Amino acid sequence: MNILITGASSGIGKQLASDYLADGHRVFCCGRNLQALEELKQQHPDSAILLNFDVASLEDCGESLSSLQSLDLVILNAGTCEYIDAENFDAKTFSRVIRINVEGTANCLEYLIPMIKAGGTLALMGSSSSFLPLPRAEAYGASKAAIEYLARTLSISLKPSDINVSYIAPGFVETPLTERNDFPMPMQVDVIFASSKIRKGLENSKELIHFPGKFTWILKIIGILPNRIQQFLITKTLAY
Ligand SMILES: NC(=O)c1ccc[n+]([C@@H]2O[C@H](COP(=O)([O-])OP(=O)(O)OC[C@H]3O[C@@H](n4cnc5c(N)ncnc54)[C@H](OP(=O)(O)O)[C@@H]3O)[C@@H](O)[C@H]2O)c1
């Protein structure tokens with residue numbers, strides 16, 4: 001397959017790129033950190049193609065992506081996380097997170113949707129934080145709720161073009177992004193587990209891929225309860 005993965009220089013994206021390359025696929029590995037991407041190229045010189053650009057810039061995306069041709073699988077995984085102190089709400093922090101996670105995804109979509117083959121797959125990286133409101137995740141959770149909506153609506157709009165759309169909603173995964181967290185991260189999994197769940201879900205054309213099940217099902221169930229019960233449970237059990 002011809003596969004494109006954004007955020008392939010670190011964490012979940014790097015593991016996905018490495019696993020798909022090991023399985024013999026051709027992978028367009030995207031990221032800003034060229035040095036980190038070079039590791040994939042060294043291991044798979046013939047099948048790893050490096051694309052070095054900032055997803056937050058539509059112009060950069062155009063320069064790097066517009067000359068590509070048909071793709072079987074596109075995983076828009078690049079993202080960041082910053083937390084909000086609601087009492088001292090910082091609009092710039094909010095905007096940085098939305099710019100990379102939401103606008104960055106949209107910038108890639110403009111160039112990549114026309115390149116996805118009929119029968120191909122588009123996967124958007126969200127988070128299980130989109131299932132319910134979590135303290136301090138005002139920016140991150142809002143960005144992932146936007147991605148969830150985007151995935152669900154694209155899934156309908158791209159059906160006539162025979163493109164499958166998957167929304168990926170992990171719980172906590174051990175990566176440089178979560179290393180910065182200063183609170184307990186229940187049922188955290190490693191990137192090998194995350195990559196295996198994502199690849200299996202995509203292979204089975206799942207519209208929603210969430211893991212680890214014990215954690216994400218609890219969030220999903222809390223997320224459908226009446227607001228007052230949700231808030232009580234979140235404050236008692238998940239607040240940090
Ligand atoms: N780890 C978790 O627990 C967890 C849980 C749920 C969802 N997720 C989501 O999974 C995705 C990957 O996260 P991770 O945990 O693997 O984090 P990570 O190790 O920090 O990786 C983030 C990746 O995104 C890329 N990226 C960030 N900003 C970018 C930009 N402006 N332009 C281009 N690339 C950019 C980074 O590449 P460069 O540094 O090279 O630019 C890096 O490859 C994110 O969307 C995150 O929200 C993670």
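In this text the structure is predicted, and so the values were computed from the model without any measurement. Indexing begins at 1, ligand by ligand and atom by atom, following the structure's order.
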> Would the Y83 and Y140 ring centres measure less than 6.0 Å apart?
Replying inline: no
> For E207, what residues pass the salt bridge (charged side-chain N to carboxylate O under 4.0 Å, His left out) criterion, not counting sequence neighbours?
Replying inline: K159
> Taking all non-hydrogen atoms of both residues, which atom of A48 and which atom of K41 are closest, and how far apart?
Replying inline: O-NZ, 2.8 Å
> Tell me, which pairs form a side-chain hydrogen bond (donor to acceptor under 3.5 Å, both in side chains) where one or both residues lie in residues 210-229, sequence neighbours left out?
Replying inline: H210-T216
>> With side-chain hydrogen bond (donor to acceptor under 3.5 Å, both in side chains) as the rule and sequence neighbours excluded, what pairs involving residues 102-126 come up?
In response: D72-K117
>> If the criterion is any heavy atom closer than 4.0 Å to an atom of ligand 1, which residues make the list?
In response: G7, A8, S9, S10, G11, I12, G31, R32, N33, F53, D54, V55, N77, A78, G79, I100, M125, G126, S127, Y140, K144, P170, G171, F172, V173, T175, P176, L177, T178
>> I need the I5 CD1 to I12 CD1 distance, nearest 0.5 Å.
In response: 11.5 Å
